[in-house]
Amino acid sequence: MTNSVRTRFAPSPTGYPHVGNIRTALFAWLFARHYEGSFIVRIEDTDVTRKVKGAVEAILDSLRWLGLDWDEGPYFQSERLEIYHKAAKRLVSQGDAYYCYCSPQRLKEMRAEQVKHKQPPGYDRHCRDLSQEERAQKEAEGVIPVVRFKTPLEGQTGFNDLIWGDVVFDNSTIDDFILLKSDGYPTYHLANVVDDHLMGITHVLRAEEWLSSTPRHLLLYQALGFKPPQFAHLPMLLGAGRAKLSKRHGAVSITEYREQGYLPEAMVNFLALLGWSRDDRTEVLSRQELIDNFSLERVSRTAAIFNRDKLNWMNGVYIRSLALEDFTQRALPFLNKGLPLEVERPLPMEYVRQIMPLIQERARTLAEVPELAQFLFVDELDYAPSLLIAKNMSQVSTVKALELAKQRLEQLEVFDAESLEAMLRPLAVELGLKTGQLFGTLRVAVTGQIAAPPLFQTMAVLGKERCLRRIEVALAKL
RNA sequence: GGCGCAUUCGUCUAGGGGUUUAGGACACCUCCCUCUCAAGGAGGAGAUCACCGGUUCGAAUCCGGUAUGCGCUACCA
């Protein structure tokens, strides 16, 4: 089917996958899936100097983690050099490109001069009209040339961006950009255009920063005789203060979010809402709902700031919506990693399953699970004795309450939440205490914390023995 | 410097000439629920829609200018 939509994600492996890039991938993927088209991954590894080891795997891993499955690829541009060479050569022989022998040194000086005279920096087209002889001489000198595009000096190049509408540029503002570098690698412009054509890409969804380069690409498509795809430039992603998203705004690499315990579902949902909206009220959308509803018409044109708070909230929503067993399985690696070393491994799964319902409602990220659950695993609780004494209580009344509670607890046969509640509520009355006072004291004794999951359930999962022992320890502290 | 683009509550956004006293969400505050926390429920505060001018009976919505921000202006992508 020749009309079917084909989009691509074409990252450059110069670092770990940035959330901004991944958001771009997400949109391209959603667009392809919405139209039941194909999503292609292409690695644009044409900058040898900036290539980072392991980046490709990290990028692919991230896509897999988020469930952004691809239908073709990954293709590697570094393996397609001949194709670009052929294209460049063809452009030269057609008269649409030329060899440039200018040294980096000369270019640098030229630019400095231009800036000094407040002129727009750009190549001065020194080699554009070199004669046969001049070229032969440079070749003889052993100068390895680059190939530059012979940009039309006049006229305009415009296009209709699916998101930004009509955009027009004067060709005179575009210089003779490089197509093929002297190391034999193509620049983005050449490789991208050639590959998008060869791979049958129908819609190019890419970051906004490419908007100004699009006329060059269009000019290239024209010179090459290729039909250009449709373009859709996505708004950028920024950090707090509208600054470029960077480390100081928290994680920028998607892999870090994974390590910090964010769910891929939440991440996808959250990222989708950065620059796109379904309507004026829907915040939580499943993967399928995202696919069903996605459209470029609803993509915004303004840069979005990555809002951690909202991500945290959304992640909590997704965590709470998980089936218990699912949550347990996902939390387990975090528990194993985050619980103190003294806690014996492997963790007792029967016990883990019992405590998970208490934790699931309270965790916003999986990384919070160990700290929320720690008191349920460790043998010794570390807390200030003063915490045991509740509001309007004294040491004496606290000791009395704890002792009586201990006594009654020892007699309790069935140690479940209902029985505990049935026993402890009247006990508060008996002691002349408010439930908050008694329960608060017990909570600290049993959990070492003033904030914890509901007391009766907590005590039930801890079990009679452990509770009694902890109360004894508390009494000893007083 | 040149070219391009953008500008609605702190943030993400809805809005596409009158139905808007500009709606929702996060965060924040209050109250309710309640053994604490979390979750949930009900409220509150928060945007003269960057500014100026124009078009129009009527503009956040259309047009122009200004300001600010961002992007591109590399043998980086």
Side-chain angles (χ1 to χ4, degrees), chain A residues 10-14 44-47 49-50 100 102-104 107-108 111 114-115 117-123 144-148 161 164-165 167-170 172-175 177-183 185 187-189 191-192 206-216 233 235-236 238 240 242-244 270 273-284 298 300-314 316-317 320 358-364 372 390 421 424-425 428 434-444 447 449-456:
Chain A
S12 174
T14 54
E44 310 222 323
D45 52 351
T46 55
D47 187 347
T49 59
R50 293 206 307 155
C100 167
C102 293
S103 68
L107 295 176
K108 205 176 140 194
R111 242 185 312 268
Q114 288 165 334
V115 172
H117 294 290
K118 299 219 179 222
Q119 283 171 347
Y123 182 56
I144 300 169
V146 300
V147 175
R148 284 187 186 271
D161 189 278
W164 305 74
V167 186
V168 184
F169 290 80
D170 281 331
S172 62
T173 63
I174 307 169
D175 74 349
F177 54 98
I178 292 174
L179 262 18
L180 209 58
K181 301 182 264 187
S182 58
D183 66 359
Y185 280 82
T187 57
Y188 173 90
H189 306 301
N192 192 265
R206 64 186 2 172
E208 181 193 336
E209 59 197 279
W210 293 109
L211 193 67
S212 318
S213 300
T214 306
R216 300 167 179 218
H233 289 91
M236 309 214 19
L238 302 174
R242 308 213 86 89
K244 207 172 191 138
F270 176 72
L273 257 23
L274 251 30
W276 175 82
S277 63
R278 144 102 204 247
D279 53 31
D280 65 341
R281 56 195 66 250
T282 314
E283 304 285 341
V284 179
R298 296 200 62 86
S300 129
R301 254 152 302 143
T302 56
I305 292 178
F306 193 93
N307 184 188
R308 217 20 132 97
D309 281 332
K310 189 154 183 175
L311 206 214
N312 286 338
W313 164 76
M314 187 168 279
V317 169
R320 276 174 257 122
L358 301 181
I359 304 303
Q360 182 172 12
E361 294 178 59
R362 290 164 180 78
R364 284 184 313 169
L372 287 169
E421 180 160 15
L424 290 169
R425 278 194 190 279
K434 286 184 182 163
T435 49
Q437 293 175 304
L438 206 219
F439 298 169
T441 296
L442 277 171
R443 170 173 301 106
V444 173
T447 69
Q449 306 168 356
I450 50 169
L455 184 63
F456 314 125

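No hydrogens, no waters, no symmetry mates; every other heavy atom, side chains included, goes into these values. Just so we're on the same page: letters track the sequence lines, and every chain starts at 1.
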Does A/Thr173 offer a backbone N or O that forms a donor-acceptor pair with the side chain of A/Asp170 under 3.5 Å?
-> no
Output the single nucleotide from B/G71, B/U11, B/C75 whose closest atom is nearest the side chain of A/Ser212.
-> B/G71
With the side chain of A/Pro121 defined as its heavy atoms from C-beta on, choose the nearest nucleotide among B/C37, B/U73, B/C26.
-> B/U73
Classify the side chain of A/Thr173 versus the base of B/C3 as yes if they form a donor-acceptor pair under 3.5 Å and no if they do not.
-> no
Taking the same atom, P, in B/C62 and in B/A6, what whole-Å distance lies between them?
-> 11 Å
Ranking B/C3, B/C12, B/G24 by distance to the side chain of A/Arg281, first place goes to B/G24
So, is A/Arg111 close to the B/A74 phosphate, meaning a side-chain N or O under 4.0 Å from OP1 or OP2?
-> yes
Between atom NZ in A/Lys310 and atom P in B/U11, what is the gap in whole Å?
-> 13 Å
Can you tell me how far P in B/G16 sits from the matching atom in B/G69, rounded to whole Å?
-> 31 Å
5' precedence on RNA chain B between A/Phe456 and A/Ala304 (nearest-nucleotide basis) | A/Ala304
Looking at A/Lys181, does any N or O in its side chain come under 4.0 Å of the phosphate oxygens OP1/OP2 on B/C76?
-> yes
Phosphate oxygens OP1/OP2 of B/G10: is one of them under 4.0 Å from a side-chain N or O of A/Arg308?
-> no
Within 6.0 angstrom of A/Lys434 NZ, more than 12 heavy atoms from elsewhere | no
Pick the nucleotide of RNA chain B nearest each of A/Glu361 and A/Thr435; which residue has the one closer to the 5' end?
-> A/Thr435
The side chain of A/Ser277 lies closest to which of these nucleotides: B/A74, B/C72, B/A14?
-> B/A14
Nearest-neighbour nucleotide for the A/Met236 side chain, B/C70, B/A74, B/C37 considered | B/C70
When you get a sec, tell me which of B/A25, B/C72, B/A14 is the closest nucleotide to the side chain of A/Arg298?
-> B/A14
For the side chain of A/Arg50, counting heavy atoms from C-beta on, which of B/C75, B/A27, B/C76 is nearest?
-> B/C76
Report the distance from atom NZ of A/Lys434 to atom P of B/U34, rounded to the nearest whole Å.
-> 15 Å
With rounding to whole Å, what would you report as the distance between B/C49 and B/A59 at their C1' atoms?
-> 11 Å
If we take the P atom in both B/A14 and B/C52, what is their distance in whole Å?
-> 25 Å
Expressed in whole Å, how much space separates the C1' atoms belonging to B/G18 and B/G58?
-> 6 Å
With C1' as the reference atom in both, quote the distance from B/G64 to B/A77 in angstrom, rounded to an integer.
-> 37 Å
Provide, to the nearest angstrom, the distance between the CZ atom belonging to A/Arg278 and the P atom belonging to B/A25.
-> 16 Å
Counting only distance, no hydrogens or angles, is the base of B/G1 paired donor-acceptor with the side chain of A/Gln114 under 3.5 Å?
-> no
Taking atom P in both B/U19 and B/C72, compute the distance separating them and give it to the nearest angstrom.
-> 41 Å
With a 3.5 angstrom cut-off on both distances, give the Watson-Crick or G-U wobble partner of B/G71, or none if there isn't one.
-> B/C3
Looking only at side-chain atoms of A/Arg216, point me to the closest of B/A25, B/U73, B/C37.
-> B/U73
Rounded to whole angstrom units, what separation is found between the CG atom of A/Leu455 and the P atom of B/A38?
-> 17 Å
Between B/C51 and B/U8, how far apart are the P atoms? Round to whole Å, please.
-> 11 Å
Out of B/C5, B/G23, B/C12, whichever nucleotide has its closest atom nearest the side chain of A/Leu211 | B/C5
Choose from B/C37, B/A74, B/U13 the nucleotide whose nearest atom is closest to any side-chain atom of A/Ala451.
-> B/C37
